[in-house]
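Report on the structure given below.
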Amino acid sequence: MSKKLAIIATKGTLDWGYPPFILASTAAALGYDVQIFFTFYGLQLLKKNLNLQVSPLGNPGMPMPFPVPVLMQALPGMQAMMTSMMKKKMADKGVADLAELRELCQEADVKFIACQMTVDLFEMDTKDFIGDVEYAGAAMFFDFAGDADICLYI
């Protein structure tokens, strides 16, 4: 019987999209049975069009190449600039983009579960999501998570 990893993904920004996919793909490569439950803003990670942004304003720990006062971070265009800088840095360091990591997870049989309640709450159209996603409630996920060796909330 293999070990189990249960992840709850709640964030939908570019920088917060990496941890669930990196951890899930690594665990799957190590032989773990892995499920990710995407809820609230984490559902953005399941969209076909991954046009995600970085919010330096909401992330005081984000390293900046130069000091940027908080007030300047709120200016129009700063989010796009920081997103562009983050994508360039990741590409320069050879980090796979988010779509590639997500596809790697699917190839490794990581199960993606979209929170049906959140999909209904935000009136999301499931046609905007990638394939191979199961739509279910938290109770279904807890059936797996209750027996998991590791549970992570991201």
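Only this structure's heavy atoms are used, side chains among them; waters, hydrogens and symmetry mates stay out. The first residue of the sequence shown is numbered 1, and numbering continues consecutively from there.
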Can you give me the closest heavy-atom contact between [X] and [Y], atom names plus distance?
| X | Y | value |
| --- | --- | --- |
| Ile36 | Ala9 | CG2-CB, 3.9 Å |
| Ser2 | Gly31 | CB-O, 3.3 Å |
| Leu5 | Ala27 | CD2-CB, 3.5 Å |
| Ala114 | Val119 | CB-CG2, 4.4 Å |
| Ala24 | Val110 | O-CG2, 3.9 Å |

Establish whether [X] and [Y] are linked, either directly or via other cluster members, by ILVMFWY side-chain heavy-atom contacts under 4.5 Å.
| X | Y | answer |
| --- | --- | --- |
| Phe142 | Ile7 | no |
| Tyr135 | Ile8 | no |
| Leu50 | Met124 | yes |
| Val95 | Leu14 | yes |
| Phe37 | Leu45 | no |

So, the side chain of [X] versus the backbone of [Y]: is there a donor-acceptor pair under 3.5 Å, distance only?
| X | Y | value |
| --- | --- | --- |
| Asp97 | Glu100 | yes |
| Asp149 | Lys4 | yes |
| Thr26 | Ile22 | yes |

Considering residues, nucleotides and ligands other than Tyr153, do more than 12 of their heavy atoms fall under 6.0 Å from its OH?
no
Is it the case that over 12 heavy atoms from other parts of the model lie below 6.0 angstrom from the CG atom of Asp132?
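No, because the 6.0 Å sphere around CG of Asp132 holds 12 heavy atoms or fewer from other groups.
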So do [Y] and [X] actually touch side chain to side chain, heavy atoms under 4.5 Å?
| X | Y | result |
| --- | --- | --- |
| Cys105 | Phe112 | yes |
| Phe40 | Cys115 | no |
| Ile154 | Leu23 | yes |
| Tyr41 | Lys11 | no |
| Phe21 | Leu104 | no |
| Ile113 | Phe144 | no |
| Val54 | Thr83 | yes |
| Phe129 | Leu43 | yes |

Which distance, rounded to the nearest 0.5 Å, do you find between the [atom1] of [X] and the [atom2] of [Y]?
| X | Y | atom1 | atom2 | result |
| --- | --- | --- | --- | --- |
| Lys88 | Lys93 | NZ | NZ | 10.5 Å |
| Ile150 | Lys3 | CD1 | NZ | 7.0 Å |
| Thr13 | Gln44 | OG1 | CD | 10.0 Å |
| Asp33 | Lys111 | CG | NZ | 9.0 Å |
| Gln116 | Thr126 | CD | OG1 | 8.0 Å |
| Asp15 | Leu98 | CG | CG | 10.0 Å |

Using side-chain contact (heavy atoms from CB on, under 4.5 Å), reason through Glu134 and Met140 one step at a time and then give a plain yes or no.
CA-CA 10 Å; Glu134 185 171 337; Met140 184 270 196; 2.8 Å; yes
side-chain contact (heavy atoms from CB on, under 4.5 Å) evaluation trace for Val133 with Phe38:
CA-CA 10 Å; Val133 173; Phe38 298 87; over 6 Å; no
